[in-house]
Amino acid sequence: MIQITNRLLSNYYNLMHEAKVNIKDKIHDIISVSLQRAISEGKLPEADYPVIKVEYPRESKFGDYSTPIALESAKLIKRSPMEIGEILKSYISENSGLISEVDLAKPGFINIFTSLEYLKNNMLEIVKIREKYGRQQKDNPVKYNIEFVSANPTGPMNVVSARAAALGDTIANLIEANGDIAEREFYINDFGNQVNLLGRSVYARIKELKGEQSDFPEDGYHGEYIKDIAQWIIKNHSEELNKLENDDVKSAYAADKAIEYNVSGQKKDLEDFKVIFKTWFRESTLHNRGEVVKALETLEKNNHIYIEDGKKVFRSTVFGDDKDRVVVRDDGRPTYLMADIAYHFDKLERGYDQLIDIWGPDHHGYISRLSGAVQALCSKENIFRVLISQQVNLIMEGETVKMSKRLGNFSTMRELIDEVGVDVSRFFFIMRSMDSHLDFDLALAKKNSSENPVFYLQYAHARICSIFKEAEKRGIKIKPEISTLENLNNNEAIVLLKLLAKFPEEISDAAMTYEPHKISTFLLRLAQSYHRFYAEQRVLSDDESKTQTNLALCDAVRITIKNGLQILGVTAPESM
RNA sequence: GCGCCUGUAGCUCAGUGGAUAGAGCGUCGGACUUCGAAUCCGUGCGUCGGAGGUUCGACUCCUCCCAGGCGCGCCA
């Protein structure tokens, strides 16, 4: 126990010199050290204390942070919560800088107030480090691979893909801001039946356009865009096409060109959506390089495969699946699952610490079999995580239009970007928790008013920029260093300072839980508090010290909003 | 039948097992000779889908039920 105490104390002292750690973590460590000291000095008994939780009290009068540790350990050590709280409080109070007051409240909460001095210094830090505020650096970053969108290369992307794109990219941004490494990856299913079908559909349209007789496949792709592809091939690749022997070869060629056409279209749409993938991984390369066979052999070697009626079956029930899954058909062709297993095997071999996939809601049933395969191939626990991005309902004039490829009416991602713009689309897609079925209100998205949260947020940023322009016009030179505590001692400013200080822990929290909507919620609160500050406090005045303090605060808010928006992939305009 | 997601204010949604359940929109009423009124202030709004259970304490965890959505191929 004494060893533990020493270790915690040394952590504590390290933390005092480590500026990157957020306040919540610091407070956690202070409480932890206090507890250990109380134990080592005999004030509290040795015991297996519960994990120390640091939470935000509901009401500000209860402080900025609070811990229920006294409540939670009361039964364990047979002392009253208030008694324990009193002891811990005396140790927690013994620190300088961060904490201004420790309060013990009724049933046994220990409430902690951060000092205005600390918050002011944090504000000056923001103004100094600017775009780096909220970004952590780690000595040993975790390397993530995050695969998302991965839409079939058989046509344009729909609105569900757009949501996945916004979510995946934002989660990757969060991971990077949190000091880790995120590589964005897109998987192209350019193999198998659907490709064959795509080729035959396109080739049939080519024939039709040339006035020849065609037999359009019954279960083929009927969309209008297939005709566009046919037209494109006729215009650019007729010569090569004509050289080919028979219809089968020509269909295969058409499939190849159609995929090229579709993938480059998808890439363009995603780039316009500000999503840049590091890797575009083609399923066909797995088959060509023999990786599918290799993954199969690895599974076989570890006894995860058995043979039934000439088929090879993966024992996925061992990993919680409803039934075992066929991975190789009796004619020797691997199933889609087998290729997907090989794909994830490939990702594992590329040496990531963590694999994340974002899938649509229609694939949740697929999780157990694939994660089972990953477990079968990799000894590391929890290396693979699937996030399900729920469905999107487009609301037009109060009417819900369901987005599904199976229904005929699929709106494309391109239409959406053209219609409401990148900023608004991205924001709307991430502003709700990804578990919730999103109602995307098109009328609201197109409004340039306070009803639209994106504009509300951007307005706060533009408003601050405008103040700085005005300050420049008045010949005011910016000197944040002369800011005083006295000038910050008003409710509106204090609320802002506290929110600003929370930004790094909001990022870290959102990154670790893969919940980008926490950032949009936070930014809206910040913008709201800023508008309140603006309404109550005059920024520019004859009082130089007051003016400089206010400008520093405004600048810190502007920087934080901008950094937050950047993570969301939304612009922060200087004027609107 | 089985699995996943959802159910919180009129609407859209926040809400790590903690203190009196919150915000925006919408309603109604106020605030600009002054840094952007695309803003702010005030106002009302609840059997947290229902019933049990777990415990010091449940919107949160467990079980059952109800409602809505999605999925349950050797397709991809």
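Being a predicted model, the structure only gives us computed values, none of them experimental. Sequence lines set the chain letters: A, B, ... in the order given, protein chains first and strands last, and positions in each chain run from 1.
With rounding to whole Å, L71(A) atom CG is found 12 Å from G57(B) atom P. As rounded to whole Å, 16 Å separates atom C1' of C59(B) from atom CG of D435(A). We find that CG of L523(A) is positioned 15 Å from C1' of A23(B), with the value rounded to whole Å. Rounding to whole angstrom units, CE of residue M431(A) and C1' of C25(B) are separated by 10 Å. Between the CG atom of D542(A) and the P atom of U34(B) there is a distance of 17 Å, given to the nearest Å. Atom CZ of F191(A) is separated from atom P of C75(B) by 12 Å (rounded to the nearest Å). Atom CG in D439(A) sits about 13 Å away from atom P in C70(B), given to the nearest Å. Taking atom CZ of residue R369(A) and atom P of nucleotide G71(B), one finds them 14 Å apart after rounding to whole Å.
Ring centers of F216(A) and H222(A): under 6.0 Å apart, within the cut-off. Taking the six-membered ring for Trp, F319(A) and H304(A) have ring centres closer than 6.0 Å. Taking the six-membered ring for Trp, F186(A) and F281(A) have ring centres at least 6.0 Å apart. Between F62(A) and F109(A), the gap from one ring centroid to the other reaches at least 6.0 Å.
Across all strands, E492(A) comes closer than 4.0 Å to no nucleic acid atom at all (heavy-atom distances). Using a 4.0 Å heavy-atom criterion, one finds that S466(A) contacts the bases of the nucleic acid, with or without backbone contacts as well. Residue-level contact check: K312(A) touches neither bases nor backbone, having no heavy atom under 4.0 Å from any strand. Nucleic acid contact for E59(A): base, since at least one base atom lies under 4.0 Å from a heavy atom of the residue. Within 4.0 Å (heavy atoms only), A462(A) reaches at least one base atom of the nucleic acid. Across all strands shown, V54(A) has heavy atoms under 4.0 Å from base atoms, whether or not it also approaches the sugar-phosphate. At a threshold of 4.0 angstrom between heavy atoms, the contacts of T513(A) with the nucleic acid are absent. Using a 4.0 Å heavy-atom cutoff across all strands shown, E55(A) reaches at least one base atom of the nucleic acid. Residue-level contact check: A471(A) touches neither bases nor backbone, having no heavy atom under 4.0 Å from any strand. Note on P68(A): a base of the nucleic acid sits closer than 4.0 angstrom, heavy atoms only. Contact annotation for P81(A): no contact, since no heavy-atom pair falls under 4.0 Å across all strands.
With distances taken from any side-chain atom of K53(A) to the nucleotides C40(B), G18(B), U39(B), the minimum falls on G18(B). Side-chain atoms of R463(A) lie closest to G36(B) of the nucleotides G36(B), A14(B), C40(B). In the set C4(B), A19(B), C35(B), A19(B) carries the atom at the smallest distance from any side-chain atom of R58(A). With A76(B), G3(B), C5(B) as the candidates, the nucleotide lying closest to the side chain of N193(A) is A76(B). In this structure, of U39(B), C35(B), U55(B), it is C35(B) that holds the atom nearest to the side chain of E470(A). Between A14(B), C35(B), C70(B), one nucleotide has an atom nearer to the side chain of V539(A) than all others, and that is C35(B). Distance from the side chain of Y336(A) is smallest to A76(B) among A76(B), G69(B), C70(B).
Aromatic stacking of F455(A) on A38(B): not satisfied for centres closer than 5.5 Å together with planes under 30 degrees.
Ion pairing between K502(A) and E505(A) fails under the 4.0 Å rule for side-chain N and carboxylate O. Ion pairing of D555(A) with R558(A) is present here, as a side-chain N (NZ or NE/NH1/NH2) and a carboxylate O approach within less than 4.0 Å. Electrostatic pairing of E147(A) and K347(A) counts as a salt bridge here, judged by a charged N lying under 4.0 Å from a carboxylate O. A salt bridge links D190(A) to R282(A): one of the charged nitrogens lies within less than 4.0 Å of a carboxylate oxygen. Taking 4.0 Å as the cut-off between side-chain N and carboxylate O, K469(A) and E472(A) do not count as a salt-bridged pair.
The side chain of Q528(A) contributes an N or O atom lying less than 4.0 Å from OP1 or OP2 of G24(B). Taking 4.0 angstrom as the limit, Y534(A) places a side-chain polar atom (N or O) nearer than this to OP1 or OP2 of A37(B). Residue R329(A) places at least one side-chain N or O closer than 4.0 Å to OP1 or OP2 of C75(B). For the pair Y456(A) and C40(B), the criterion of a side-chain N or O lying under 4.0 Å from OP1 or OP2 is met. Residue S433(A) places none of its side-chain N or O atoms closer than 4.0 Å to OP1 or OP2 of G15(B). Distances shown here put every side-chain N or O of H363(A) at or beyond 4.0 Å from the OP1 or OP2 atom of C4(B). Listed pair R432(A) / U6(B) fails the phosphate criterion, with no side-chain N or O lying under 4.0 Å from OP1 or OP2.
Taking atom P in both U33(B) and U16(B), one finds a spacing of 44 Å when rounded to whole Å. Comparing the same atom, P, in C32(B) and in G24(B) gives a spacing of 22 Å after rounding to whole Å. Distance noted for atom P between C61(B) and C45(B): 29 Å (whole Å). Taking the C1' atoms as reference points, G7(B) lies 15 Å from U47(B), given to the whole Å. For C2(B) and G10(B), the P atoms lie 34 Å apart once the distance is rounded to whole Å. Separation of the C1' atoms belonging to U8(B) and A76(B) is 39 Å when rounded to the nearest angstrom. Of the C1' atoms belonging to G46(B) and A21(B), the separation is 9 Å, rounded to the nearest Å. When the C1' atom is used for both C70(B) and C56(B), the distance is 41 Å, rounded to whole Å.
Base pairing of A67(B) is made with U6(B), judged by Watson-Crick or G-U wobble geometry with both donor-acceptor distances under 3.5 Å. U16(B) makes up no base pair with any nucleotide shown, lacking Watson-Crick or G-U wobble contacts both under 3.5 Å. Pairing for C61(B) goes to G53(B), judged as Watson-Crick or G-U wobble with the two contacts each under 3.5 Å. In a base pair of the Watson-Crick type (N1 to N3 plus N6-O4 or O6-N4) or a G-U wobble (N1-O2 and O6-N3), with each distance short of 3.5 Å, C40(B) is matched with G30(B). Searching all strands for a Watson-Crick or G-U wobble partner of C75(B) with both distances below 3.5 Å returns nothing.
Between Y65(A) and V327(A), the residue anchored closer to the 5' end of RNA chain B is Y65(A), taking for each the nucleotide with the nearest heavy atom. Between E72(A) and N189(A), the residue whose closest nucleotide on RNA chain B is further toward the 5' end is E72(A).
With hydrogens and angles ignored, a donor-acceptor pair closer than 3.5 Å exists between the side chain of N111(A) and the base of A19(B). Put simply, the side chain of K61(A) and the base of U20(B) share a donor and an acceptor less than 3.5 Å apart. In this model, no side-chain donor or acceptor of T154(A) finds a partner on the base of A76(B) within 3.5 Å. At a cut-off of 3.5 angstrom, the base of C5(B) holds at least one donor-acceptor pair with the side chain of H437(A).
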Q: Begin with the C-alpha distance, continue with both residues' side-chain angles, and end with the deciding distance and a verdict on ring-ring contact (aromatic ring centres under 6.0 Å, His included) for Y65(A) and F113(A).
A: CA-CA 7 Å; Y65(A) 297 87; F113(A) 294 79; over 10 Å; no

